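Okay, structure first, notes after.
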Amino acid sequence: MQAVEFAAQAGSSVAPSSSNSTTSTTTTTTTTTTTTSDAVTPFIRSVIPIACGANHTAWQIAIGEAQRQAIYADPKWNNGNPSVDDPATVGLSVARQIGMITYRTSRGYESKFGRRIRPTSNDNNNNNEKDG
């Protein structure tokens, strides 16, 4: 859902314009603004979201914000202008780790990684002697 939000709100480029007037038009699929010196052209003209929820839960919003803050904390992030030659990979790595945590439930983690007390070798020997 965050990709849809970016596509609808932030993706645009500035192109030169010869217009001397200021107009602003907004529709559900396209936003175009023409000013005296330049025009904002959207990167994405329309979006068809599939396989996503209609809204975020408080949990999803919190996780998303933690991921964003991990990226922002990367010194190479450079206020949203990372270098192509030296990208901000550490913050993105932490954000991905946070995302991976959300893919399982608490019960799923317990069944896969949970700790159980195993019988000691003395307990096994005692059980064998009783059986024999």
Side-chain angles (χ1 to χ4, degrees):
M1 198 66 184
Q2 290 175 349
V4 174
E5 291 170 5
F6 173 78
Q9 297 173 5
S12 63
S13 65
V14 177
S17 173
S18 61
S19 173
N20 289 331
S21 64
T22 300
T23 57
S24 179
T25 307
T26 303
T27 64
T28 56
T29 57
T30 308
T31 302
T32 305
T33 305
T34 305
T35 62
T36 308
S37 61
D38 55 30
V40 177
T41 306
F43 286 137
I44 299 172
R45 296 165 62 107
S46 62
V47 176
I48 301 173
I50 57 173
C52 63
N55 56 5
H56 292 301
T57 66
W59 170 255
Q60 292 167 319
I61 293 168
I63 292 295
E65 183 60 23
Q67 290 174 302
R68 279 188 292 279
Q69 292 303 319
I71 294 169
Y72 297 157
D74 191 323
K76 295 180 182 178
W77 175 244
N78 193 23
N79 292 323
N81 297 306
S83 168
V84 175
D85 298 327
D86 191 18
T89 57
V90 174
L92 185 59
S93 175
V94 173
R96 287 180 176 156
Q97 291 172 31
I98 294 168
M100 291 297 290
I101 292 169
T102 67
Y103 296 158
R104 291 184 186 268
T105 64
S106 176
R107 195 176 287 169
Y109 274 104
E110 190 61 37
S111 69
K112 183 152 181 113
F113 304 109
R115 305 289 186 241
R116 293 179 190 88
I117 298 175
R118 294 183 180 178
T120 63
S121 59
N122 290 339
D123 291 341
N124 287 335
N125 290 337
N126 292 338
N127 289 337
N128 292 337
E129 291 174 8
K130 290 178 185 177
D131 292 338

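This one's a predicted model, so the numbers in the text were calculated from it and none came from an experiment.
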Output a table of donor-acceptor pairs, distance under 3.5 Å, between side-chain atoms of residues 78-85 and any protein atom two or more places apart or on a different chain; print 'none' if there are none.
from: Asn78; atom 1: ND2; to: Asn81; atom 2: O; distance (Å): 3.0
from: Ser83; atom 1: OG; to: Asp85; atom 2: N; distance (Å): 3.1
from: Ser83; atom 1: OG; to: Asp86; atom 2: N; distance (Å): 3.3

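The main-chain N or O of Ala66 is never found under 3.5 Å from a side-chain atom of Gln69 such that the two would form a donor-acceptor pair.
The other members of the hydrophobic cluster of Tyr72, by chain and number, are Ile71, Trp77, Leu92 (side-chain heavy atoms under 4.5 Å, ILVMFWY only). In this structure, Ile101 shares a hydrophobic cluster with Tyr109, Phe113, the cluster being traced through Ile, Leu, Val, Met, Phe, Trp and Tyr side chains under 4.5 angstrom apart.
With sequence neighbours left out, the side-chain hydrogen bond (donor to acceptor under 3.5 Å, both in side chains) criterion links Ser111 to no other residue. The side-chain hydrogen bond (donor to acceptor under 3.5 Å, both in side chains) check on Glu110 picks up nothing, with sequence neighbours excluded.
Ala70 and Ile98 make their closest contact through CB-CD1, 4.4 Å (heavy atoms, listed as atom of the first residue, atom of the second, distance). Scanning all heavy atoms of the two residues, the minimum distance from His56 to Gln60 falls at CA-OE1, 3.2 Å.
Note on residues 94-105: pairs passing side-chain hydrogen bond (donor to acceptor under 3.5 Å, both in side chains), not counting sequence neighbours, are Ser93-Gln97.
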